[in-house]
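Numbers here are sequence positions counted from 1.
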Amino acid sequence: MKQLVIFLIAIWILSGCGVKEKASRDAEMDAFISKLMDRMTLDEKIGQLNLITPGGGIPTGAAVSTDVEAKIKAGRVGGVFGVTGPEKVRMTQEMAVNESRMKIPLLFGSDVIHGFKTTFPIPLGLSCSWDMKLIEKTARVAATEATADGLNWNFSPMVDISRDPRWGRVAEGGGEDPYLGSKIAVAMVKGYQGDDLTQPNTMMATVKHFALYGASEAGRDYNTVDMSRLRMYNDYLPPYKAAIDAGAGCVMSSFNDVDGVPASGNKWLLTDLLRTAWGFDGFVVSDYTSVNEMIAHGMGDLQAVSALALKAGLDMDMVGEGFLTTLGKSLEEGLVSEQDINQACRRVLEAKYKLGLFDDPYRYIDESRPEKEILTAETRKAARDAAARSFVLLKNENNTLPLKKSGTIALIGPLADNKNNMLGTWAVSGNPQNSVPVLTGIKNVAGDKLNILYAKGANIADDPEFAKKINVFGPRIEIDERSPETMLQEALSVSAKADVLVAVIGEASEMSGESSSRTDISLPESQKKLLRALAKTGKPLVVVLMSGRPLAMEEENELADAILLTWHPGIEAGHAVADVLFGDYNPSGKLSMTFPRNAGQIPIYYNLRNTGRPGATEEFKKFESYYLDVPNSPLYPFGYGLSYTSFEYKNLQLSRNELTGGEELEVSVEVSNTGDYDGEEVVQLYLRDLVASVTRPLKELKGFEKVAIGKGETQKVSFKLTTDDLGFYHQDMNFVTEPGEFEVFVGAGSESTMKEKFTLK
C-alpha cells in the first residue's frame, strides 16, 4: 500500500511539472512572438495570413498564385504548398529568410492523405482495418517521407462523417460512425505529429473539413449542408473534437454553409464552438479559395467576405488572397480591427514556433534524407501489410477462397493489369508507375506451379465523354482500340482453359474523390456485361472489387461465388491482393460504411433512430416504413466482414446489472475460432438507450477490439463502460446521461443479436 501511495504521489508531482513546463514554454513563445510582432508592419502581419501555391502538384481549384517570388521577398506570404523536394523548399525558404525584411520562415504544406511516395490504401479502406495502431503507423510513415521531402504541414486528416456514398470524398474519410471516426482521427493526428513537433520527421496535422462537409445535400460536392444541432453534436462533430483533443495544430474550414453561414465566415463555428467551447489553440486555414467563394454564397464582395472570415476566426486564406488585398482597406473603414489582424498573425506565427522553424528555418530540409527514407523496402512492406488488413471479404460461397497455388487461373478485368488506378484518389505525391498491378502480384506470390491466363475483358467504361471527366490527372479510363465484343470473347476464351476465374473490376481511382460525385453508384455497364458472361461459364468466379466508395451491387453479389473488396489498395496493391487470395493472410476487414442495395436507399447507415412505424422486419407491411421494391436492409451492413475461418460468440456477461455514477461496467464475451485457419476478428460492442428524453439510435458503437485467435482456440474479450459512454447531447447542447434501461450487444457486426440488459441508476 505504501508503494502505491508513493507511486501516486510521484505521478501527481510529474503531472504538475508537466503543466508548469507547458506554461513556461507558452510564456516563452508569447514573449518571442510579441517581440517579433512589435517590429512588423501591418502589411507584413497581413502577409502571414496568405497561403499561396505556384501551381505545382494538383490544385483543387482554378486559381493559381502569381508573382510568388516577389511576394515572398516582400514578406507578403505566410505559407506555400505545391513545392516539394529539399532543393526547391530550401530555395523558397531562403527567399523568405534571407531576402524579406523580417526573415520569418515559411510553412510548407501539402495534401498527404494516405501516404506520400509510399501510397497506402485510401483512408476509407484503412478505416476497414479497425486497427488504430496500423492507421497511426501509416500516418507516421507518411510524415517521415513528407518531411524528408521538405514539408512540415499536412492538410490531413479528413474526418468528415458521411452516410451518402454518392459523395466522392467518402474515399478520404473513415466512414459513417462517429465513434470509429473519432478513434481514427486521434490515431492519424498522433501519427503525423508524434510527441514533439520540433522533431524533423513530424509534421503539423490539419483537421478537415470543419464542419459537416460529409453531409452535403444530394451527395454533390461543395453543396449545401443543413442539419439540426442535435445531429451535429451527436453524429458529425465528435471526430473533429477528438482530433482537437489529440493536439492537432491546424483546422481547415469547409466549403459548405452551417446554419446558413459559410463555414469560412462562421463565427459560431470557428470561434464560439472551436475555440471557446473546445479550447482549440492552433490556427484555422481556409480551404482552396473558400473565402472568395463566399461571394457566390451571397455574403458580399471580396472585401466584405474577407472581413467576415477574419472576424469569424479564420487565420489564413488559401490562394484567394482576399486577406492580402482587402484587409488594409477594411481596417481603415472599421470593418476589422488591428486586434483581429494581430490575433490571426499571432496564431500563424505560433504554428511556426511550435514546429521549431524560428530556431532553424531549414529543420525539415536535409538533402540526404529522401534516398534513405522515401519509398524504401521497409515502407513498401508496411504498405503491403496495411492493404491486406484493409480488405473486406464480402462473400465466400463453398469456401471458394483461398485459392490454391496450382492449376490454372484466368485473371480477367480492366483493373487486373493496371497501374494507373492502384493508388486511388488523392495520391498527389505518388507515382502510379511505381505500383504493383494484380497480375504482377499474383505471379510473384503464387510461384511457378500456377498457370495464369490474362485477358482485359472490358474497359472500365466505354463512354469517351465519361472517361474525359475521369482522366483530368492522367489516364485512368483507357478505352481499348479493340471492340468490347472482341475483348469479351478473349476473356471467354481464356476462361474455358481455367479452373477458376478471378475478375478484377470496379471504379477508376478518379471515379471517387473530390469533385467526383455520382448519382449511379453501380458498376459501369461494360463491366456488368463482362461479369454476366463469366458467370454463365459455370466456373468458380471470384470478384476482386476496387472502389473508392460503397457500390450498389446486388447483381454482382448474386453472380459471384466470392467477393473480396480491396478498395484502392495503394502502391503494393498486387502483392496484397495475392497475399489474401492465396490465404497467406486471412482477411479481417470490417465495413466502416454501409453498402446499399441501390442508390434509392441513400442515406443509409446502421445507427438510425427508431420511428413510430419502424419497418423493423424484412417482410413488407402496409402503413409502416417500407419500400415497395426492395427491403429496408442494406446489401452489406456496417461492421460486416467475413474470414476464411469462422468465429463463435458465447457467454456474454455483465459484471453488474445496475450502474451508478463513477462506477464501471465490464462486458465480456468468449470468442472461439471454430474454423480451419488462424484469424483475426473485430469484436464489436453496441449500446441502445431504451428510454430517453430525445429519440436515440437503435444501436451505437461504443467499443471494439481486434484480436488474433488461433484455430481451435477461445479468447475472452472484455470491454469497460462508464456513465460517459451512455451519454448524449440534449437539445440544449448539454451532454447528459439519463437513468433507465440499456441494452448491450456484442458480436461480429452491427446486426449482432446477442444482448444483455442493465440499468443506469
Side-chain angles (χ1 to χ4, degrees), residues 60 111-114 122-128 135 139 154-189 192 205-227 231-246 248 250-259 262-264 266 269-270 273-274 278 280 284-288 290 424-426 512-517 548-550 567 592-594 602-605 607 638 701:
T60 61
D111 292 274
V112 184
I113 307 300
H114 51 111
I122 58 170
L124 184 60
L126 283 172
S127 72
C128 291
I135 292 172
N154 190 7
F155 306 146
S156 176
M158 191 198 96
V159 301
D160 301 316
I161 294 298
S162 183
R163 280 97 183 254
D164 191 337
R166 294 173 300 178
W167 189 53
R169 300 196 79 166
V170 298
E172 298 174 51
E176 70 185 49
D177 182 69
Y179 183 88
L180 177 60
S182 296
K183 298 296 184 184
I184 292 169
V186 170
M188 295 192 74
V189 169
Y192 291 139
T206 302
V207 183
K208 66 183 190 185
H209 305 86
F210 196 64
L212 319 181
Y213 188 32
S216 59
E217 289 185 355
R220 198 169 76 244
D221 218 351
Y222 318 119
N223 204 13
T224 297
V225 171
D226 193 10
M227 70 170 65
R231 173 150 282 184
M232 282 186 206
Y233 275 76
N234 285 306
D235 297 350
Y236 282 80
L237 292 178
Y240 306 110
K241 175 68 160 53
I244 299 306
D245 291 344
C250 182
V251 166
M252 181 183 290
S253 63
S254 54
F255 288 117
N256 57 279
D257 57 357
V258 175
D259 283 344
S264 295
N266 194 309
L269 186 69
L270 301 184
L273 178 65
L274 181 62
W278 291 359
F280 176 62
V284 180
V285 63
S286 77
D287 208 336
Y288 204 109
S290 68
T425 187
W426 265 119
S512 57
E514 186 169 357
S515 191
S516 297
S517 300
R549 55 160 57 81
W567 307 105
S592 61
M593 198 168 179
T594 301
I602 297 169
I604 185 168
Y605 48 95
N607 54 344
F638 175 87
L701 181 69

Subject >> Heavy-atom pair of closest approach, residues D287 and H209 >> reply: OD2-CD2, 3.2 Å
Subject >> Gap separating the OH atom of Y213 from the NZ atom of K208, nearest 0.5 angstrom >> reply: 9.5 Å
Original post:
Do you know which two heavy atoms are closest between D221 and G513, and how far apart they sit?
Top reply: OD2-O, 4.5 Å
**OP:** Carefully, step by step, assess F280 and L273 under the rule side-chain contact (heavy atoms from CB on, under 4.5 Å).
**Re:** CA-CA 9 Å; F280 176 62; L273 178 65; over 6 Å; no
**OP:** Please check if the side chain of S216 supplies one atom and the backbone of V225 the other of a donor-acceptor pair under 3.5 Å.
**Re:** no
Original post:
Looking only at heavy atoms, which two atoms of A171 and T425 are closest? And how far apart?
Top reply: CB-CG2, 3.8 Å
Subject >> Residues forming a ring-ring contact (aromatic ring centres under 6.0 Å, His included) with F210, sequence neighbours excluded >> reply: Y240, W278
Original post:
Any side-chain heavy-atom pair from D257 and T224 closer than 4.5 angstrom?
Top reply: yes
**OP:** Can you run down the salt bridge (Lys or Arg N to Asp or Glu O under 4.0 Å) pairs that involve residues 232-246, sequence neighbours left out, and say none if there aren't any?
**Re:** R163-D235, R231-D235, K241-D245
Original post:
With a 4.5 Å limit on heavy-atom distance, are the side chains of I184 and V159 in contact?
Top reply: no
Subject >> Side chain proximity check, V258 to D226, heavy atoms < 4.5 angstrom >> reply: no
Subject >> Expected output: side-chain S182 to main-chain A242 donor-acceptor under 3.5 Å >> reply: no
**OP:** Please name the pair of heavy atoms, one in M188 and one in P157, separated by the smallest distance, quoted to 0.1 Å.
**Re:** SD-CB, 3.7 Å
Subject >> side chain to side chain donor-acceptor pair (under 3.5 Å) involving S253 - partner list, sequence neighbours excluded >> reply: S264
Original post:
Which pair of heavy atoms, one from L126 and one from I135, lies closest together, and at what distance?
Top reply: O-CD1, 3.6 Å
Subject >> Residue pair D160 / W167, side-chain heavy-atom distance below 4.5 Å >> reply: yes
Subject >> Qualifying salt bridge (Lys or Arg N to Asp or Glu O under 4.0 Å) pairs, either residue in residues 164-176, two or more places apart >> reply: D164-R166, R169-E172, R169-E514
Original post:
Can Y192 and S156 be counted as having a side-chain donor-acceptor contact under 3.5 angstrom?
Top reply: yes
**OP:** Before giving the answer on side-chain contact (heavy atoms from CB on, under 4.5 Å), spell out for M232 and D259 the whole-Å C-alpha distance, their side-chain angles and the decisive distance to 0.1 Å.
**Re:** CA-CA 11 Å; M232 282 186 206; D259 283 344; 3.7 Å; yes
Subject >> Criterion side-chain contact (heavy atoms from CB on, under 4.5 Å) on L124 and W567, from CA distance to verdict >> reply: CA-CA 8 Å; L124 184 60; W567 307 105; 3.5 Å; yes
Original post:
Residues in side chain to side chain donor-acceptor pair (under 3.5 Å) with S254, at least two apart?
Top reply: N256
**OP:** Provide the closest heavy-atom pair for E217 versus N223 in the form atom of the first, atom of the second, distance.
**Re:** O-ND2, 2.8 Å
Original post:
Do the non-hydrogen side-chain atoms of I113 and I122 ever get within less than 4.5 Å of each other?
Top reply: no
Original post:
By side chain to side chain donor-acceptor pair (under 3.5 Å), which residues pair with S127, not counting sequence neighbours?
Top reply: S592
**OP:** Determine, step by step, whether F638 and L701 satisfy the side-chain contact (heavy atoms from CB on, under 4.5 Å) criterion, reporting the C-alpha distance in whole Å, the side-chain angles of both residues, the deciding distance to 0.1 Å, and the verdict.
**Re:** CA-CA 10 Å; F638 175 87; L701 181 69; 4.3 Å; yes
Subject >> Under 3.5 Å donor-acceptor, T206 side chain and N154 backbone >> reply: yes
Original post:
Would you call C250 and V207 a side-chain contact if the rule is heavy atoms closer than 4.5 Å?
Top reply: no
